[in-house]
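Taking it in order: structure first as structure tokens, then the write-up.
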Amino acid sequence: MSEGEVFHEKQRLELCAIHALNNVLQERVFTKETADDICKRLAPQCVMNPHRSVLGTGNYDVNVIMAALQSRGLAAVWWDKRRSVQNLCLDKIQGFILNVPSRVSLGIVSLPLRRRHWLAVREVNGQFYNLDSKLKGPACIGGETELRSFLTEQLSQDVAEMLLVVQKEVDDDGTWLKADDSRK
């Protein structure tokens, strides 16, 4: 599969969580409306929903991502970045959703502000791709060695976090982690 055949949604409003979900799933499954419905289910009594932007432009939190994945029989496993990414059992992981610092810009002007941004990484036909919705298209990372280097670099940022996207059974039995790493 060429980069042109890899599913990749581009950034719109503050919908990076939705784009990351769809990019990691490699199809358009979630919309702003489905994410807003999840927010309402998570906080039904709240006038100001804590799981999204008060402006209604997105900016969904990790709870929305986790609930969305659960609706598809998947789980989001928080990765303890004190561990080495060498301990990941890549063949059990469907993809990765990272939360990283990102520059804020207005048009072509970059502001001296940083916000949090969700992005997806996933394997397609033996190659791993950075599916960041702020990119013009999918960016090929390479094989397992290059992926591990990419993830290590991303996680070296102080406020970066990573979720592993796995089947529920893989989460339940912990097989996303190599057997020789006893800290689950």
Side-chain angles (χ1 to χ4, degrees), residues 6-46 48-81 83 85 88-90 92-102 104 114-124 128-135 138-139 141 147 150-151 154-155 157-172 174-177 184:
V6 177
F7 181 87
H8 178 256
E9 282 187 357
K10 293 185 182 140
Q11 186 70 26
R12 191 173 65 81
L13 299 172
E14 293 180 296
L15 303 179
C16 58
I18 294 169
H19 302 314
L21 284 162
N22 290 338
N23 287 341
V24 83
L25 296 173
Q26 283 296 281
E27 63 178 312
R28 184 166 189 211
V29 175
F30 298 103
T31 64
K32 181 181 179 312
E33 291 72 27
T34 56
D36 286 342
D37 287 345
I38 291 169
C39 288
K40 288 174 192 162
R41 284 197 314 271
L42 290 171
Q45 304 302 321
C46 292
M48 302 284 278
N49 195 295
H51 302 290
R52 65 177 177 209
S53 165
V54 295
L55 302 175
T57 55
N59 199 21
Y60 300 101
D61 72 10
V62 67
N63 298 293
V64 176
I65 289 174
M66 293 174 78
L69 290 170
Q70 287 170 355
S71 76
R72 304 281 297 179
L74 299 168
V77 178
W78 174 76
W79 176 251
D80 181 348
K81 65 184 186 176
R83 288 186 168 140
V85 296
L88 291 169
C89 190
L90 295 177
K92 298 286 187 171
I93 300 169
Q94 185 168 327
F96 305 87
I97 296 180
L98 289 91
N99 190 251
V100 298
S102 178
V104 175
R114 292 177 87 66
R115 296 200 53 194
R116 309 283 294 194
H117 176 67
W118 295 105
L119 67 94
V121 174
R122 159 148 195 166
E123 182 180 13
V124 178
F128 290 92
Y129 288 87
N130 177 353
L131 301 170
D132 185 343
S133 59
K134 288 188 172 184
L135 298 175
I141 295 169
L147 171 70
F150 175 84
L151 294 176
Q154 292 296 312
L155 292 172
Q157 302 174 74
D158 267 349
V159 294
E161 299 295 338
M162 180 168 73
L163 300 172
L164 314 177
V165 178
V166 298
Q167 294 292 324
K168 183 177 179 338
E169 308 78 52
V170 170
D171 179 28
D172 291 343
T175 54
W176 50 267
L177 188 62
K184 286 191 180 175

Self-check item: side-chain hydrogen bond (donor to acceptor under 3.5 Å, both in side chains) against Asn130, all qualifying residues, sequence neighbours excluded
Solution: none
Self-check item: Met66 atom CE, over 12 foreign heavy atoms within 6.0 Å
Solution: no
Exercise. Give a yes or no on this: more than 12 heavy atoms of other residues, nucleotides or ligands lie within 6.0 Å of atom NZ of Lys92.
Key: no
Drop me the distance from [X]'s [atom1] to [Y]'s [atom2], to the nearest 0.5 angstrom.
{"X": "Glu169", "Y": "Leu74", "atom1": "CD", "atom2": "CG", "answer": "9.0 Å"}
{"X": "His8", "Y": "Gln26", "atom1": "NE2", "atom2": "CD", "answer": "9.5 Å"}
{"X": "Asn99", "Y": "Cys16", "atom1": "CG", "atom2": "SG", "answer": "7.5 Å"}
{"X": "Trp118", "Y": "Lys134", "atom1": "CH2", "atom2": "NZ", "answer": "14.0 Å"}
{"X": "Leu98", "Y": "Asp132", "atom1": "CG", "atom2": "CG", "answer": "9.5 Å"}

Exercise. Go through the steps for Leu88 and Leu151 under the test side chain to side chain contact (heavy atoms under 4.5 Å, CB included), then give the verdict.
Key: CA-CA 11 Å; Leu88 291 169; Leu151 294 176; 4.2 Å; yes
Quiz prompt | Trp79 and Val85: CA distance, side-chain angles, deciding distance, side chain to side chain contact (heavy atoms under 4.5 Å, CB included) verdict | solution = CA-CA 9 Å; Trp79 176 251; Val85 296; 4.2 Å; yes
Hey, does [Y] have a side-chain heavy atom less than 4.5 Å from the side chain of [X]?
{"X": "Ile141", "Y": "Tyr129", "value": "no"}
{"X": "Arg122", "Y": "Val6", "value": "no"}
{"X": "Leu21", "Y": "Ile65", "value": "yes"}
{"X": "Phe30", "Y": "Arg72", "value": "yes"}
{"X": "Leu163", "Y": "Trp78", "value": "yes"}

Would you name the heavy atoms of [X] and [Y] that are closest together and state the gap between them?
{"X": "Val170", "Y": "Trp176", "result": "O-CD1, 3.6 Å"}
{"X": "Leu135", "Y": "Lys10", "result": "O-CG, 4.1 Å"}
{"X": "Thr175", "Y": "Cys89", "result": "O-CB, 3.4 Å"}
{"X": "Asn22", "Y": "Val29", "result": "OD1-N, 2.9 Å"}

Quiz item: Under 3.5 Å, side chain of Lys81 to main-chain N/O of Ala160, donor-acceptor pair present?
Solution: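 Present.
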Quiz item: Any sub-3.5 Å donor-acceptor pair from Asn23's side-chain atoms to Ala120's backbone N or O?
Solution: no
Practice problem: Could you go through the side chain to side chain contact (heavy atoms under 4.5 Å, CB included) check for Leu25 and Gln94 one step at a time? | Solution: CA-CA 8 Å; Leu25 296 173; Gln94 185 168 327; 3.7 Å; yes
Quiz item: Which residues satisfy the salt bridge (Lys or Arg N to Asp or Glu O under 4.0 Å) test with Lys168, sequence neighbours excluded?
Solution: Asp172
Self-check item: All salt bridge (Lys or Arg N to Asp or Glu O under 4.0 Å) counterparts of Glu9, not counting sequence neighbours
Solution: Arg28
